[in-house]
There are 4 protein chains.
Amino acid sequence: MQANERTRPLRVGVAGLGRLGRRHALNLAYRVPGATLAAACSPLDGDLAWAHEAIPEARQYRDYAGLLADATVDAVWLVTPSALHAQQVVAALHAGKHVFCEKPLSLDVAECERVVDEARRFSGQQVTIGFMRRFDPSYHDAFSKLGAGAIGRPFLVRSQTCDLNDPDGFFVRFAPGSGGIFLDCTVHDIDVARWLLGKPRATRVFAAGTVALHEGLREFGDVDNGVAICEFEGGKLAMFYASRTMAHGNDTSSEVIGTAGALAIGHAPRANRVEIYDMHGMRSECTPTFFDRFEEAFLVEAQAFVAAVRAREGGETEDAAAGAGQGATLEDALEATRIGCALRESLRMGQAVTL
Amino acid sequence: MQANERTRPLRVGVAGLGRLGRRHALNLAYRVPGATLAAACSPLDGDLAWAHEAIPEARQYRDYAGLLADATVDAVWLVTPSALHAQQVVAALHAGKHVFCEKPLSLDVAECERVVDEARRFSGQQVTIGFMRRFDPSYHDAFSKLGAGAIGRPFLVRSQTCDLNDPDGFFVRFAPGSGGIFLDCTVHDIDVARWLLGKPRATRVFAAGTVALHEGLREFGDVDNGVAICEFEGGKLAMFYASRTMAHGNDTSSEVIGTAGALAIGHAPRANRVEIYDMHGMRSECTPTFFDRFEEAFLVEAQAFVAAVRAREGGETEDAAAGAGQGATLEDALEATRIGCALRESLRMGQAVTL
Amino acid sequence: MQANERTRPLRVGVAGLGRLGRRHALNLAYRVPGATLAAACSPLDGDLAWAHEAIPEARQYRDYAGLLADATVDAVWLVTPSALHAQQVVAALHAGKHVFCEKPLSLDVAECERVVDEARRFSGQQVTIGFMRRFDPSYHDAFSKLGAGAIGRPFLVRSQTCDLNDPDGFFVRFAPGSGGIFLDCTVHDIDVARWLLGKPRATRVFAAGTVALHEGLREFGDVDNGVAICEFEGGKLAMFYASRTMAHGNDTSSEVIGTAGALAIGHAPRANRVEIYDMHGMRSECTPTFFDRFEEAFLVEAQAFVAAVRAREGGETEDAAAGAGQGATLEDALEATRIGCALRESLRMGQAVTL
Amino acid sequence: MQANERTRPLRVGVAGLGRLGRRHALNLAYRVPGATLAAACSPLDGDLAWAHEAIPEARQYRDYAGLLADATVDAVWLVTPSALHAQQVVAALHAGKHVFCEKPLSLDVAECERVVDEARRFSGQQVTIGFMRRFDPSYHDAFSKLGAGAIGRPFLVRSQTCDLNDPDGFFVRFAPGSGGIFLDCTVHDIDVARWLLGKPRATRVFAAGTVALHEGLREFGDVDNGVAICEFEGGKLAMFYASRTMAHGNDTSSEVIGTAGALAIGHAPRANRVEIYDMHGMRSECTPTFFDRFEEAFLVEAQAFVAAVRAREGGETEDAAAGAGQGATLEDALEATRIGCALRESLRMGQAVTL
């Protein structure tokens, strides 16, 4: 908690008030010292009605241009549909705003590259992509231990994003726009692997998958369970697993293996510290969704963004500012998309893809 | 998170700015929607200097009378030395304030009884004693499961409060005023046992203890490791363990056993979701202090207090208001002190004590 | 496994072929190198018919005197009703046999003392009482770690014997002869506590209990859940819990706390290494009975007995011989009974009992 | 334990008395009811000297032909160098013996196929390949639960064989003959995956690897850490991980994921039921080697082999006989080798390999 902030708070405008957008909005409004939620933007009546009740202090905008034109907004927080992210990031930079953008930056590598190029011209502004696992206290602890040499040289990451099955398969409708399981889910694991392994360059990937339950995915060439291997330069490796059909909950975990030990993060997806002993044995209930699992990460992420902006304003170098936030940069987002697209291609071709 | 709070926030004044007081102050200032930290009170220069930096919005008072005289303060939050609690609660009630008071209410049963009697005259004001475990999400989950009949009829609680050893034995200095290990530590477990078992009346206790490391405790008749049994009416039982000499961290856990199952809360005091695999085996680091273990409980506790005041103001019955907060009442605090004193007496006498 | 045994095998005669007796018989017949099952004794037709099929090599006796008269039997293995143990041990010693006797030696302290006195005259013969936990690999590992100073000076043991509930309450019938829950179940924990704490002398005990499910126990002054505290000289302590009403299985565990750490043995009663993830969460099935939990201990116990006899025959001192087996001596059994009886008395009187 | 075996014991001759061979020999000699260790064969003086002491009842042979010529030997137990397995299996069949053969059958697919073809002519004789995990109680429990539909339709297996690092890299010397990490280690996981998934046909594999510590492997095209994906018909999948560089012990685990749940086997490689709490946190020591992890599996495997022979002799169909043993058949061994060779090829080529 940053308590001794005496400067004017960072005034944030949230764009997008869906389920995740509302969570970000509430965090920014009530739980991030040094920030205020100055504005909220959504084209939907329902969203604005919610905002009226839940975040009454925030000015409301129906269109993004209006939000950008609000001179009292220092930073925009994009929780909009993925297809809009890239152009909205660029527009925000042109409007002089700092930007937080939910992942993915874009499902298209070339578009990611354009944003990266464009952003080079706005080096005074903070841009962070929302790979929130980096801010989860456990992931962060593992990252720190790696830095301290706790397990020697890390060379292998195993990481998974497994969601509780939705029997209604509601997500199948969004399959066409999601980019497929590797770009929608595994992109988190790709970022984790790169982050924990020191950002090596990926050289080759292979992916496979299956439809276990949701037949509707077949027409989009998508799967509900995917596995993948990613080779990096320097002999580093990653294995990924993504699933939308878990029976027990959201089971997101990662493991990093080094020459002198290994660290596992989130191996057992226990919901809390309660254990139940009954005729079925001993059990722990599991985190149902990624919201439950990463609630604290979303909050820390917002606090870190504020700290990164402050560091930048305080004249710290870009590196220090990046360090303050430890968030994913546009370059990180580009690489995650590049690898995710290669995985999707590998799944389709049945062959390894060289990057 | 209570987000749709449209009424004027509850204006809280904190009394006491030691380590725990500061934590409460920061929560109330920045993390409890519906509350503002209006004032802070401490006789110590250092505390007020901290407040000037960390909670600049709060008016400062050097004496408690000044705080009570502040008409813009709706509720006082007592994190003062234990010996002052009882009189400060009564004074706050007379001043028309709602009261949150850290445990213990008093180390003296008669004094607790006087406060209970006095408070009966102020039924419109909320008084909550800070047994924070009731607000820990895991304890609360277990409590809910009990209510749903998950383990049949609960009849036995085992509960422990075990602190990381302080090699300097700094706490020995405070032994004379702490009331001894059972009134200082086990009082939490007593409250948990009563809460989880449906508030049965205690009928007999037995306690024993030993000095494992801190010889300085002997002159005060205190121990650094204590064990106890408490019998309740209706054949209910509790076992307690308290220690100040743990090597691995703060290990606070409870277990409730019923006729159709059992629930354990916090059995493994893991600090987070990281597991380390190295030449020493597989391990998890542990929560070092109760601050780390109960950080979220302290926050939820404050949110619940606000909700309880709101419920009361909203004309809900006392029962509903109590339910809103689920916090410990003055009567709960009296009973915890009564049992804790009996344990201390049993330790001294080497015999069971009938209540 | 002791493979290089070139001497004549130790010829063992088992007395008692109930459920546990059969298990011992099969171990001795087929799984203990250096031993042969030479004879088996039971007055029951069914037992002898079982023996005819399962252990055909063993000579059969209907009465214990016949077994003792068999000159080819080197050692007797008593798995007979508890009430017979004491006299049968003495008779075996007089007959020149080594003796293994299942716990308890006797429910009567004076009778235990008579056996101890008598046995002093037969110092060349091995007598081991079957506290099998000492031979469980995990208990043994903890014992070794204690000896190596892993947790400093141990001063507190918490230990429990909790059985899966038998809804038929079949065991209620045996309540009159079992000595009650503390002499039947806790006696194991008493032995564990003494063993792990270095055999200190008990000075005071307190016990309490409740009938959670099996009302039929009340007429015998027994309970189905009992808790107890035992104080030893030198400031050492033990806490015990015994239950016959567990919903999840046999949950036998112990914990020893020292000045520099703690060891837990069997904290989670998992049946094996399988974890199940389904709509109820993550779970492990539990060991249903003590047979399942201690199957290996019963086998190691028998191997250790053979080694102890061999060590004795090899001219090693009594101490070395005892070390070879690490089994409980008659003196250990006497102390366990003495403490167990005091617990029973404390339960009845509602007061602490000084030993 | 099969205790009511009244027929003549199965007389087994062990070939190969290295570390694993000795363990099998001792099991067969002392711990498998219904079997006797009739003979032992090794060309090495040291082995035979060991046998003289440890298994004195076994006749000794220096050459395999002598063992086969021993008419009192019913079954041979091959724990010889892998390069000899195929020819020794065939020779044993021609000599009329039942055969147990340690894995791998052969590193060469064509040779495996020749053995399969040849063995078809000896349908009255039992041949089992030593994939011992099938007999580990936890793996077996998972297999049974799958059969009972506990997790719906299984479609994905993740399985790993990770060995404690040998800092001396002694195994590098054997790299030329081991077939590489996938044929030496992953072959177990391949068999587990096929077994748990219902023996689907593999269609495509991809493998990658790295040398983390043992540079000497590079000249043989081998790695000390390998990862792989295997696709099966029907949309079934497997992911494999093999390592020779673990810091914490032998970490062998598997997981099977189905449409209604998942089962994990051996997720935490705890050595026993002891947990240590000290300044480093909470920890469990790990199984150092596969001997420690699978000690019981090796024993059950031998018992199951005897049962399979008995079932066969008792006129049961081949299927029933196979069921009795549940051991891997020659066909299973062929498939494991086929997939393992494809993984090795994929590692070398950097491309997926279609089977």
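Every chain is numbered from 1, with letters handed out A, B, ... down the list of sequences.
Distance check, rounded to the nearest 0.5 Å: CE of A:Met282 to CE of C:Met282 gives 10.5 Å.
The number of heavy-atom neighbours closer than 6.0 Å to CD of C:Glu215, taken from other residues, nucleotides and ligands shown, is above 12.
Distance alone, capped at 3.5 Å, is enough to place a donor-acceptor pair between the C:Arg283 side chain and the A:His280 backbone.
Listed here is the closest heavy atom pair of C:His248 and A:Gly281: CB-O, 4.0 Å.
Both the backbone and the side chain of A:Ala268 have a heavy atom closer than 4.5 Å to some heavy atom of chain C.
Screening residues 255-276 of chain A for ring pair (Phe, Tyr, Trp, His ring centres under 6.0 Å) gives A:His267-D:His267 as the qualifying pairs, with residues at least two apart or on separate chains.
Contacts between residues 152-184 of chain A and chain C, defined by a heavy-atom separation under 4.5 Å, are made by no residue at all.
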